[in-house]
Amino acid sequence: MNKHLPLFISLLLLPLLSWADSYAPSAEKVVDNVYAIIGPLDQRSPENDGLNNNLGFIATPDGVILIDSGASYLGARRVARAIAKVTSQPVRWVINTGSQDHRWLGNDYFAALEAEVIAMKRTAETQAEYAAQQMESLERFLGERLAGTTPSPATRKLEGDDVHITLGGVELIIRYTDTHYPGDSMVWLPQQRVVFTGDLVYVDRLFAVLPWSSVKNGLKAYAAMEALNPEIIVPGHGAVSDLTKARRDCGDYYDFLNNNIGAAAEEMVPMEEIINEYNSLPAFEHLEHFSDLHRTNMNRTYLEYEAF
Ligand SMILES: [Zn+2]
């Protein structure tokens, strides 16, 4: 055997390995004609194009309904390729469940392909409000991979709190959750008993309470999601789940924040004291990002309750 062969092979594998490290969006079948695109649990990066969240799509005879559009122009293009592997139908509708960067900054890409971009009215308003801040922060994570991205809030703004829309015989019900960002929503497919929760539900990783999040709303919206009795949950982050797993990784944590931290704030227990008491929380320590988010989540929950 040629003694240079092992070196030759390892050089040959080098680009393959680094390619394998980068995240490639791919469609995972949920039920017939309904797909999830499950993103990695880590931070936004040039390798994942900010697609560190879940998206989904529904193939109908009248075209594809895409749920959320990714964080950038280049990310949206990769999502479009993942869809094209499953169906030759064009994307007719993009529905944004929220206004966090990776839910909507790919809108412009799909709008240019003549998709109609749809969201609840207040979702679209929050998109416009946060656009500049999100572009600035994404630039730090994505660098030149943000090229070509133009923030384009949803143009068809749905009025009301409980919206029913249909394309190609597929019925969708959209409802506000108002949890991670003001105006966030979830999409329920009553015929398939599948719910796309947007950033209401996170599994496998801890959710982050942001300064503008509401854990009070999270508690209510989570109960409303459970009351739908979905067979399948496509969470905003983490693997496709059922009610049991979502409750364990997420619903119980909304309960904890509201019932333990919120209640302590109302009783005026000092913040430091209550945060130190629950610093360790074995039920949730298996979740990714627990150690970097848990204390801040408790702090922001306390502030939300203290404000009232
Ligand atoms: Zn998210």
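What's counted below: heavy atoms across the whole structure, side chains too, no hydrogens, waters or symmetry copies. We number each residue from 1, following the sequence as shown.
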Asker: Taking the ring of Phe196 and the ring of Trp188, is the distance between their centroids below 6.0 Å?
Answerer: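 That pair fails the under 6.0 Å test.
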Asker: Check step by step if side chain to side chain contact (heavy atoms under 4.5 Å, CB included) holds for Met225 and Leu200.
Answerer: CA-CA 9 Å; Met225 186 282 293; Leu200 174 66; 4.0 Å; yes
Asker: Suppose we call two aromatic rings close when their centres sit under 6.0 Å apart. Are Tyr253 and Phe284 close by that rule?
Answerer: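 They qualify: ring centres under 6.0 Å apart.
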Asker: Please test Gln89 against Thr60 for side-chain hydrogen bond (donor to acceptor under 3.5 Å, both in side chains), starting from the C-alpha separation and ending with a verdict.
Answerer: CA-CA 8 Å; Gln89 287 275 17; Thr60 88; over 6 Å; no
Asker: Could you pull out the closest heavy-atom pair between Ile174 and Leu158, with the gap in Å?
Answerer: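 Minimum heavy-atom separation between Ile174 and Leu158: CD1-CD1, 3.7 Å.
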Asker: Ignoring hydrogens and angles, write down the donor-acceptor pairs under 3.5 Å from the side chains of residues 179-187, residues two or more places apart or on other chains.
Answerer:
{"unit_1": "Thr179", "atom_1": "OG1", "unit_2": "Thr177", "atom_2": "O", "d": "2.9"}
{"unit_1": "Thr179", "atom_1": "OG1", "unit_2": "Gly218", "atom_2": "N", "d": "3.4"}
{"unit_1": "His180", "atom_1": "ND1", "unit_2": "Ala208", "atom_2": "O", "d": "3.3"}
{"unit_1": "His180", "atom_1": "NE2", "unit_2": "Gln100", "atom_2": "OE1", "d": "3.3"}
{"unit_1": "His180", "atom_1": "NE2", "unit_2": "Tyr202", "atom_2": "OH", "d": "3.0"}
{"unit_1": "Asp184", "atom_1": "OD2", "unit_2": "Tyr181", "atom_2": "N", "d": "3.2"}
{"unit_1": "Ser185", "atom_1": "OG", "unit_2": "Thr97", "atom_2": "O", "d": "3.2"}

Asker: Between Asp101 and Arg44, is there a side-chain N and carboxylate O pair less than 4.0 Å apart?
Answerer: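 Result for this pair is yes, salt bridge flagged.
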Asker: Taking all heavy atoms of Gln127 and all of Pro153, pick out the closest pair and write down the distance.
Answerer: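 For Gln127 versus Pro153, the nearest heavy atoms are OE1-CA, 3.3 Å.
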Asker: The criterion is salt bridge (Lys or Arg N to Asp or Glu O under 4.0 Å); which residues satisfy it with Arg247, sequence neighbours excluded?
Answerer: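 Arg247: salt bridge (Lys or Arg N to Asp or Glu O under 4.0 Å) contacts with Glu226, Asp252, Asp255.
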Asker: With side chain to side chain contact (heavy atoms under 4.5 Å, CB included) as the criterion, how do Leu172 and Ile58 come out once you've worked through the C-alpha distance, each side chain's angles and the decisive distance to 0.1 Å?
Answerer: CA-CA 10 Å; Leu172 295 93; Ile58 304 139; 4.2 Å; yes
Asker: State whether Asp49 and Arg78 are salt-bridged, where the test is any N-O pair (Lys NZ or Arg NE/NH1/NH2 against Asp/Glu carboxylate O) under 4.0 Å.
Answerer: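 Yes, this pair counts.
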Asker: Minimum heavy-atom separation for Ser45 and Leu142, please, with both atom names.
Answerer: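 Smallest interatomic distance, heavy atoms only, reads O-CD2, 3.3 Å.
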Asker: Is it true that the side chains of His102 and Asn52 contain a donor and an acceptor less than 3.5 Å apart?
Answerer: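 Indeed, the side chains of His102 and Asn52 share at least one donor-acceptor pair under 3.5 Å.
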Asker: Are Glu125 and Lys121 ion-paired here, with the side-chain N under 4.0 Å from a carboxylate O?
Answerer: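 Salt bridge between Glu125 and Lys121, a charged N being under 4.0 Å from a carboxylate O: yes.
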Asker: So does Asp178 pair up with Arg122, basic N to acidic O under 4.0 Å?
Answerer: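 Yes.
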Asker: Side chain to side chain contact (heavy atoms under 4.5 Å, CB included) between Arg175 and Asp161: does it pass, once the steps are laid out?
Answerer: CA-CA 6 Å; Arg175 289 187 183 145; Asp161 292 328; over 6 Å; no
Asker: Show every donor-acceptor pair shorter than 3.5 Å between a side-chain atom in residues 26-41 and any protein atom, with sequence neighbours excluded, or say none if there are none.
Answerer:
{"unit_1": "Lys29", "atom_1": "NZ", "unit_2": "Asp32", "atom_2": "OD1", "d": "2.8"}

Asker: Asn96 vs Asn107, test: side-chain hydrogen bond (donor to acceptor under 3.5 Å, both in side chains). Steps then yes/no.
Answerer: CA-CA 9 Å; Asn96 300 142; Asn107 285 354; 2.9 Å; yes
Asker: Please walk me through it: do Tyr305 and Ile261 pass side chain to side chain contact (heavy atoms under 4.5 Å, CB included)?
Answerer: CA-CA 9 Å; Tyr305 273 83; Ile261 306 303; over 6 Å; no
Asker: Answer yes when Arg103 and Asp199 have at least one side-chain N-carboxylate O distance shorter than 4.0 Å, and no when they do not.
Answerer: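 Counted as a salt bridge, because a side-chain N and a carboxylate O are separated by less than 4.0 Å.
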Asker: Trp93 ring centre to Arg156 NZ or CZ under 6.0 Å, with the angle to the axis within 45°?
Answerer: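 Yes, Arg156 and Trp93 form such a contact.
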Asker: Going through the checks in order, is the side-chain hydrogen bond (donor to acceptor under 3.5 Å, both in side chains) test met by Glu116 and Thr155?
Answerer: CA-CA 8 Å; Glu116 186 173 23; Thr155 46; over 6 Å; no
